[in-house]
There are 2 protein chains.
Amino acid sequence: MISDTRVLPINRGLASEIVTRLTTAILSGQLGPGERLREEELADALGVSRGPLREAFTQLERQGLVVLHRNRGAYVARLSCEDVDEVYSLRLALEPLAMQRAMQFVTTDQLAELQVIVDRMATYGTGMTEQEAAQDDLMFHDVIYQASKHQRLYECWTNLRPQIHIMLLTRNVANPDFRYYAPRGHTELLDVLKSKDEAHAIAVVQEHLRIAYDRVLSSYPSQKTRD
Amino acid sequence: MISDTRVLPINRGLASEIVTRLTTAILSGQLGPGERLREEELADALGVSRGPLREAFTQLERQGLVVLHRNRGAYVARLSCEDVDEVYSLRLALEPLAMQRAMQFVTTDQLAELQVIVDRMATYGTGMTEQEAAQDDLMFHDVIYQASKHQRLYECWTNLRPQIHIMLLTRNVANPDFRYYAPRGHTELLDVLKSKDEAHAIAVVQEHLRIAYDRVLSSYPSQKTRD
DNA sequence: AACATTACAACTGTTAACAATACACACCAA
DNA sequence: TTGGTGTGTATTGTTAACAGTTGTAATGTT
């Protein structure tokens, strides 16, 4: 029976397909911050019409990867210091709730999934792409949000995730030492998730995020506002 | 000079206009829970084409007022007990952050605006529509979210607000006594907002929301899942 | 009963043409 | 110079008709 989370990302609809394509392009740097995205040109390049592309644009705007100017076009977002602050302060409000509920609803399968990720993190230091490390980090937290069984909360996380992805990549460039923190930090999170001490779990989550926030912010030389 | 928040709701784009129309229709009960919304039919009725209507549908889905079934159509959402739980647990995570930041950034204009609302609440008991009471309640909290100077947080609130609106209306039917709580509760919120005691303010917000949650939930006879 | 087939209804995607918008730039007046 | 006014142009916003796809349910077969 196929019911694994790994097979889910099969896109429904053309717009979603475009979203993942553009997301990949932005995260990989093929589309740089501030770059203009012209509807007609992009539609031609992707081999789709403007309708689905416009729908993709609005999704990407919700996820903070693209900024839309009415009648002026779409631009790849440029994350400012304030954006980092917003993303992390919001995450700091959301993730304790996720953890609290995940402690209630998490399945053994999900715990195993988390363990796999943590184990892989423990092997960091050997050949490890920043992209892979960032994806592991995001996937760990994604599983927790999934485990929280809270649709609306998961949606919030979905909108934040691509922006956090960018920040993780930015951070890793400036802080190669995260490889040593990642396994320890996430092991601790997994431990408290398995515990029954809700208050302690929330405290650990907050501490974890505050550390991440400090690291990211320290490597952000206060850029200008978005395009 | 016209730069008042009251004149802002001038919609940009046709889709937004459709959203407010449909929102009004749903909140007023003209479109009942579970009712089907056929694209072509509705587009004709509204005098618009399918493009903007589809865009409006996706916005309404984000706001939890409409549920979309791929290739099967759109339906007015039917809020279940679990939905109430999700909305209020999420709000309980968001609003303390809003309050905390609002304490930092709130302007005297915004404080005055809040005072006006609270004063109007104090006159409840005389002729007062449920719709008006609900709007005052929402507007009070809206100002706080605005004052928090946090785009992403405000977006979350924007998506939650219509659902809370529905719940307020549902609640008010079953709990006419809220007219006595509303002025007191919101006066207290305004007081702590003006204070410098962050921890106390957060506690008051949480207490306020828990009371609201209890009242709403008590009048929800556990319906089935959404359409 | 279990499964493949079919028909249908509705949504999804495409296209091309037209309308509306916002910025830029030149122009003019003070 | 400064500030307002008008016009132009590129680009998005909107429409409408058509073609393609999907999921459902009825139908038929084993």
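Every chain is numbered from 1, with letters handed out A, B, ... down the list of sequences.
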Review point. Closer than 4.0 Å, any side-chain N/O of B:R54 to the OP1 or OP2 of C:dC11?
Key: no
Practice item. Check every strand shown and say whether B:E39 touches a base, only sugar-phosphate, or nothing at a heavy-atom separation below 4.0 Å. Key: base
Starting at [atom1] of [X] and ending at [atom2] of [N], how long is that distance when rounded to a whole Å?
{"X": "B:R38", "N": "C:dC11", "atom1": "CZ", "atom2": "P", "result": "6 Å"}
{"X": "A:L42", "N": "D:dT12", "atom1": "CG", "atom2": "C1'", "result": "14 Å"}
{"X": "B:E40", "N": "C:dA10", "atom1": "CD", "atom2": "P", "result": "9 Å"}
{"X": "A:E41", "N": "D:dT11", "atom1": "CD", "atom2": "C1'", "result": "12 Å"}
{"X": "B:D44", "N": "D:dT14", "atom1": "CG", "atom2": "P", "result": "17 Å"}
{"X": "B:E55", "N": "D:dT14", "atom1": "CD", "atom2": "P", "result": "7 Å"}
{"X": "A:L37", "N": "D:dA10", "atom1": "CG", "atom2": "C1'", "result": "17 Å"}
{"X": "B:I18", "N": "D:dG13", "atom1": "CD1", "atom2": "P", "result": "14 Å"}

Check your understanding: For every nucleotide of nucleotides 19-25 of chain C, 5' to 3': is a protein heavy atom under 4.0 Å from its base (B), only from its sugar-phosphate (S), or from neither (-)?
Key -> --SSS--
Check your understanding: Looking only at heavy atoms, what is the nearest atom pair of B:R78 and B:G34, with distance?
Key -> NH2-CA, 3.6 Å
Check your understanding: Taking the six-membered ring for Trp, are B:H141 and B:W157 parallel (under 30°), tilted (30 to 60°) or perpendicular (over 60°)?
Key -> tilted
Review point. According to the interplanar angle, ranging from 0 to 90°, do the rings of A:Y75 and A:H69 count as parallel (below 30°), tilted (30 to 60°) or perpendicular (above 60°)?
Key: perpendicular
Review item, nucleotides 15-19 of chain D N/O atoms under 3.5 Å of protein N/O:
from: D:dT15; atom 1: OP2; to: B:S49; atom 2: N; distance (Å): 3.3
from: D:dT15; atom 1: OP2; to: B:S49; atom 2: OG; distance (Å): 2.6
from: D:dT15; atom 1: O5'; to: B:S49; atom 2: OG; distance (Å): 3.1

Check your understanding: Is any NZ, NE, NH1 or NH2 atom of the basic residue among A:R152 and B:D83 found under 4.0 Å from an Asp or Glu carboxylate oxygen of the other?
Key -> yes
Check your understanding: Got a second to check how far A:E95's CD is from A:I144's CD1, nearest 0.5 Å?
Key -> 6.5 Å
Exercise for review: Measure the spacing between NZ of B:K194 and CG of B:L114 and express it to the nearest 0.5 Å.
Suggested key: 9.0 Å
Check your understanding: With no hydrogens and no angle check, do the side chains of B:N159 and B:E155 hold a donor and an acceptor under 3.5 Å apart?
Key -> no
Check your understanding: Is the closest side-chain donor-acceptor distance between B:Q131 and B:T129 under 3.5 Å?
Key -> no
Exercise for review: State whether the side chain of B:H150 and the backbone N or O of B:Y145 hold a donor-acceptor pair below 3.5 Å, judged by distance alone.
Suggested key: no
